[in-house]
Amino acid sequence: MEYSPLCHSLHALWSSPVKKKLILLSIMFLIWVYVLHSCLGYCATMPSLVADSYRGKELGSAVGSRTDLVSRLMAKPEPWEDVDSDYDEPSIRIAASRDLLNNGLETERAEDWDGMRGGTRGGQRGAPEPSAMSSFSNGSGSKKLPQAIIIGVKKGGTRALLEFLRVHPDIRAVGAEPHFFDRNYENGLEWYRDLMPKTLEGQITMEKTPSYFVTREAPARISAMSRDTKLIMVVRDPVTRAISDYTQTLSKKPDIPSFESLTFKNRTTGLIDTSWSAIQIGIYAKHLDNWLQYFPMGQILFVSGERLISDPAGELGRVQDFLGLKRIITDKHFYLNQTKGFPCLKKAEGSSKPHCLGKTKGRTHPNIDPEVVQRLRDFYRPFNMKFYQMTGQNFGWD
């Protein structure tokens with residue numbers, strides 16, 4: 001049989017042991033290169049998960065092992081509900097009444113404001129579509145975890161503060177309350193970040209959920225997300241705050257017990273029922289002590305709810321300084337609504353029209369027995385004094 005020159009050359013090449021080994025090694029090398037290329041292509045499709053795992057490495061102490069962290073970040077998003085409940089109480093003395101009251105706790109939703117825009121501005125009820133790449137810029141900004149959070153307090157003026165801050169071009173805030181660190185923590189950080197608005201370089205992402213202040217787990221969880229998070233707390237005379245809290249619930253549930261009956265465990269003895277959330281929230285010193293276990297005092301700004309009404313520009317100036325922003329929001333942005341006694345924005349964000357508190361704000365408080373009011377003032381006085389000492393500020397509630 002005659003062989004072609006090519007077949008002859010191949011036969012000679014394969015018959016040599018040394019050359020045979022070289023051929024086999026070359027084939028193995030090519031296979032290895034192919035497998036490596038395939039692995040790199042697969043890994044390149046998961047950058048956000050890797051980034052999130054690295055960014056969340058400190059969560060181990062708060063939420064368990066690394067495996068638990070990954071499972072949280074990969075958790076299936078649940079529907080985002082912004083419901084009216086801020087504080088769960090242990091007392092069952094008037095459980096039915098407490099349920100009604102807790103259902104009426106402040107969320108201060110964006111729909112309570114007149115003239116709110118659509119989209120994520122105000123009252124958004126459904127969770128946006130999750131995206132594993134949401135933390136990366138797509139040319140029009142990127143979604144980031146908040147660098148600043150308004151943590152409380154309920155009925156202190158948190159909604160007003162957030163809407164005023166939105167005038168600043170370097171602040172971007174989600175409208176409705178995420179309630180991530182109290183109710184939706186199991187959804188994971190990716191779910192939380194996907195709720196945030198897109199921001200450009202130099203802009204600050206913010207959110208506000210007043211119930212964080214009285215949620216025992218919230219400080220540790222926020223610290224685990226970022227120890228550098230700046231916290232803002234809007235405080236108000238705790239007696240007035242409690243009455244306002246009750247008034248809001250009364251407007252929704254007219255058949256609830258009277259303020260006086262809910263205030264006392266026993267009206268005869270005058271013992272205050274601290275298990276009622278309207279009373280419990282106003283013990284600011286107690287709740288603040290929990291936050292100071294995780295954040296230094298210098299990272300918390302205390303805004304006076306009273307001064308936010310009487311001098312909004314002054315309080316907003318302090319907030320802008322605290323956030324490291326230029327003082328853009330000034331007196332020229334506000335005017336007083338004589339009917340309600342609340343300040344309004346002359347021009348709201350993205351609008352040329354005035355922007356005032358909605359109809360649910362500035363409700364007329366019911367007449368409360370002066371003796372009950374005085375009992376409450378006596379009850380809160382030592383806690384207020386302690387709060388003044390802790391913050392280095394006298395809010396003038398006594």
Side-chain angles (χ1 to χ4, degrees), residues 48 51-52 55-56 73 77-82 107-151 158-185 187-212 222 225-226 228-232 234 316 319-320 322-326 328-329 333 345 347-352 355 358:
S48 64
D52 286 348
R55 190 178 295 106
L73 295 180
E78 298 294 334
W80 179 22
E81 293 188 28
D82 188 17
T107 58
E108 292 187 336
R109 298 173 185 161
E111 66 260 30
D112 284 345
W113 283 70
D114 295 327
M116 290 300 294
R117 279 76 61 200
T120 58
R121 297 294 189 199
Q124 180 177 345
R125 303 289 296 198
E129 288 296 323
S131 170
M133 298 292 290
S134 62
S135 63
F136 294 87
S137 174
N138 63 359
S140 60
S142 59
K143 294 187 176 185
K144 301 181 181 68
L145 294 170
Q147 299 101 319
I149 301 176
I150 300 174
I151 60 172
T158 59
R159 172 57 60 184
L161 177 61
L162 185 69
E163 293 305 315
F164 294 163
L165 285 173
R166 276 178 155 171
V167 174
H168 202 292
D170 291 333
I171 293 177
R172 297 280 284 129
V174 62
E177 297 168 5
H179 284 282
F180 176 65
F181 295 104
D182 56 352
R183 302 180 197 151
N184 296 308
Y185 196 60
N187 288 342
L189 286 172
E190 182 65 20
W191 179 89
Y192 182 47
R193 178 171 51 208
D194 212 40
L195 300 179
M196 299 300 127
K198 291 180 180 179
T199 54
L200 301 174
E201 187 67 28
Q203 290 183 318
I204 292 177
T205 302
M206 289 188 68
E207 70 116 317
K208 77 101 178 172
T209 304
S211 56
Y212 290 163
I222 295 176
M225 177 188 72
S226 173
D228 297 325
T229 306
K230 292 186 176 182
L231 308 173
I232 301 175
V234 189
L316 265 294
V319 177
Q320 291 171 93
F322 175 70
L323 296 175
L325 299 174
K326 181 179 179 181
I328 291 178
I329 307 172
H333 289 91
L345 289 170
K347 290 183 179 181
E349 177 199 17
S351 173
S352 60
H355 183 51

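What you see below is based on every heavy atom in this structure, not just the backbone, and it leaves out hydrogens, waters and symmetry mates. Not measured: the values here are computed from a predicted model.
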Verify side chain to side chain contact (heavy atoms under 4.5 Å, CB included) between Ile329 and Val319, making sure each step is shown before the conclusion.
CA-CA 10 Å; Ile329 307 172; Val319 177; over 6 Å; no
Between the CD atom in Glu201 and the CG atom in Asp170, the distance rounded to the nearest 0.5 Å is 11.0 Å
Whether the side chain of Gln203 engages the backbone of Pro169 through a donor-acceptor N/O pair (distance < 3.5 Å, no angle test) should be reported.
yes
If the condition is side-chain hydrogen bond (donor to acceptor under 3.5 Å, both in side chains), which residues does Thr205 pass it with, not counting sequence neighbours?
none
Scanning both residues in full, the closest heavy-atom pair of Ser211 with Asp182 reads OG-OD2, 2.5 Å
So OH of Tyr192 and CG of Asn184: to nearest 0.5 Å the spacing works out to 10.5 Å
Consider side chain to side chain contact (heavy atoms under 4.5 Å, CB included). Of Ile222, Leu189, Ile149, which one does Phe180 pass it with?
Leu189
Nearest heavy-atom neighbours spanning Leu162 and Gly175:
CD2-O, 4.3 Å
Quick check: closest heavy atoms across Lys144 and Leu200, and the distance to 0.1 Å?
NZ-O, 4.5 Å
Evaluate the side-chain proximity of Ile204 to His168: yes if any heavy-atom separation is below 4.5 Å, no if none is.
no
Checking side chain to side chain contact (heavy atoms under 4.5 Å, CB included) between Val167 and each of Ile328, Leu345, Leu316, which is the one that passes?
Leu345
Straight-line distance of Ile232 CD1 to Leu323 CG, nearest 0.5 Å:
4.5 Å
Looking only at heavy atoms, the pair that brings Pro146 and Glu207 closest together is CG-CG, 4.3 Å
Nearest atoms (heavy-atom pairs only) where Pro210 meets Thr158
CG-OG1, 3.4 Å
Restricting to non-hydrogen atoms, name the atom on Ala173 and the atom on Arg166 that form the minimum distance, rounded to 0.1 Å.
O-NH2, 3.0 Å
Phe322: ring pair (Phe, Tyr, Trp, His ring centres under 6.0 Å) partners, not counting sequence neighbours:
none
To the nearest 0.5 Å, what is the distance between CD (Gln147) and CE (Met206)?
10.0 Å
Taking Asp194's backbone N and O only, do any of them form a donor-acceptor pair with Lys143's side chain (distance below 3.5 Å, no angle check)?
yes
From Ile150 CD1 over to Leu161 CG, what is the distance, rounded to the nearest 0.5 angstrom?
4.0 Å
